[in-house]
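What follows is a single structure, written as structure tokens, with notes after it.
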Amino acid sequence: DAGVIQSPRHEVTEMGQEVTLRCKPISGHNSLFWYRQTMMRGLELLIYFNNNVPIDDSGMPEDRFSAKMPNASFSTLKIQPSEPRDSAVYFCASSLTGTGPEKLFFGSGTQLSVL
Amino acid sequence: AQSVTQPDIHITVSEGASLELRCNYSYGATPYLFWYVQSPGQGLQLLLKYFSGDTLVQGIKGFEAEFKRSQSSFNLRKPSVHWSDAAEYFCAVAAHQGGKLIFGQGTELSVKP
């Protein structure tokens with residue numbers, strides 16, 4: 001299995017632009033998580049889905065952030081409009097519900113820089 | 001609410017020296033506790049976990065951690081550090097439902113030759 005695949009690996013954009021981060025979970029996994037990692041706040045859970053349905057989005061910082069999971073093999077995290085303080089590494093992770101959090105698999109992350 | 005604190009942002013040790021990374025958690029029930037390692041440019045890899053039973057757990061790459069309920073701690077240790085251990089280390093606590101992990105801020109480990 002190729003693991004959790006995130007794209008792009010790096011994204012550089014200008015303030016005000018729309019940014020879309022993509023994630024392909026491991027085939028068969030039905031839970032998907034988006035995390036953000038910054039120096040100031042460490043690793044934060046933004047949102048997680050179970051069977052394509054958002055379960056907890058309390059970590060989404062503000063309305064500029066939105067996440068979708070149109071099917072079991074694809075999810076997006078969108079920032080519109082982007083701001084310099086959104087610069088961070090965004091991780092996607094997936095698991096099979098019921099296997100416990102130890103079976104969480106992380107992607108390699110997307111390094112976002114907003115200028 | 002659950003929370004995790006890693007008091008040390010950055011630690012430097014000499015190769016061959018012992019290592020201890022601190023982690024304190026706040027959680028009302030018996031926690032699920034984890035340590036993850038993140039190498040530069042890589043995602044997170046699980047080092048070890050504690051759910052119940054023996055409070056000293058062994059992980060990969062020669063790491064171990066000890067759960068101390070009285071101190072609300074889950075410190076990570078390694079007897080002899082290798083240069084390849086240089087990375088960022090995250091402690092995490094999980095709720096009992098699903099895979100919702102709450103992470104600490106992370107501790108960056110540097111290894112001197």
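Only a predicted model underlies this, so the values are computations on that prediction, with no experimental measurement involved. Letters go in sequence order (proteins before strands), and every chain restarts at 1.
Taking 4.5 Å as the limit, some side-chain heavy atom of B/Glu88 sits within range of a side-chain heavy atom of A/Gln37.
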Which atom pairs, donor and acceptor, lie under 3.5 Å between side-chain atoms of residues 4-11 of chain B and protein residues at least two apart or in another chain?
{"unit_1": "B/Gln6", "atom_1": "OE1", "unit_2": "B/Cys91", "atom_2": "N", "d": "3.0"}
{"unit_1": "B/Gln6", "atom_1": "OE1", "unit_2": "B/Gly106", "atom_2": "N", "d": "3.1"}
{"unit_1": "B/Gln6", "atom_1": "NE2", "unit_2": "B/Tyr89", "atom_2": "O", "d": "3.0"}
{"unit_1": "B/Gln6", "atom_1": "NE2", "unit_2": "B/Thr107", "atom_2": "OG1", "d": "3.3"}
{"unit_1": "B/Asp8", "atom_1": "OD1", "unit_2": "B/Arg22", "atom_2": "NH2", "d": "2.9"}
{"unit_1": "B/Asp8", "atom_1": "OD2", "unit_2": "B/Arg22", "atom_2": "NE", "d": "3.0"}
{"unit_1": "B/Asp8", "atom_1": "OD2", "unit_2": "B/Arg22", "atom_2": "NH2", "d": "3.4"}
{"unit_1": "B/His10", "atom_1": "NE2", "unit_2": "B/Ser110", "atom_2": "OG", "d": "2.7"}

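Using a 4.5 Å cut-off between side-chain heavy atoms of Ile, Leu, Val, Met, Phe, Trp and Tyr, with links allowed through other members, A/Trp34 and A/Leu96 fall into different hydrophobic clusters. Hydrophobic clustering (side-chain heavy atoms under 4.5 Å, transitive across Ile, Leu, Val, Met, Phe, Trp, Tyr) groups B/Leu33 together with B/Trp35. There is a path of hydrophobic side-chain contacts, each under 4.5 Å, that joins B/Val37 to B/Phe63. Tracing side-chain contacts under 4.5 Å through hydrophobic residues (I, L, V, M, F, W, Y), one never reaches A/Leu112 starting from A/Val4; they form parts of separate clusters. A single hydrophobic cluster is seen to contain both A/Val114 and A/Leu46, as judged by linkage of ILVMFWY side chains at heavy-atom distances under 4.5 Å, directly or through other members.
By a heavy-atom distance cut of under 4.5 Å, A/Asp56 are the residues of residues 55-90 of chain A near chain B, going up by number.
Here B/Phe90 contributes atom CZ and A/Tyr35 contributes atom OH; the two are 11.5 Å apart, rounded to the nearest 0.5 Å. The line from CZ of A/Phe91 to CD of B/Gln38 is 4.0 Å long, rounded to the nearest 0.5 Å.
Contact annotation for B/Glu108: neither backbone nor side-chain heavy atoms come within less than 4.5 Å of a heavy atom of chain A. Neither the backbone nor the side chain of A/Glu44 has a heavy atom closer than 4.5 Å to any heavy atom of chain B. For chain B, the nearby parts of A/Leu43 are the backbone and the side chain; heavy atoms of each come within less than 4.5 Å.
Atom CD of A/Glu14 has 12 or fewer heavy atoms from other residues, nucleotides or ligands within 6.0 Å.
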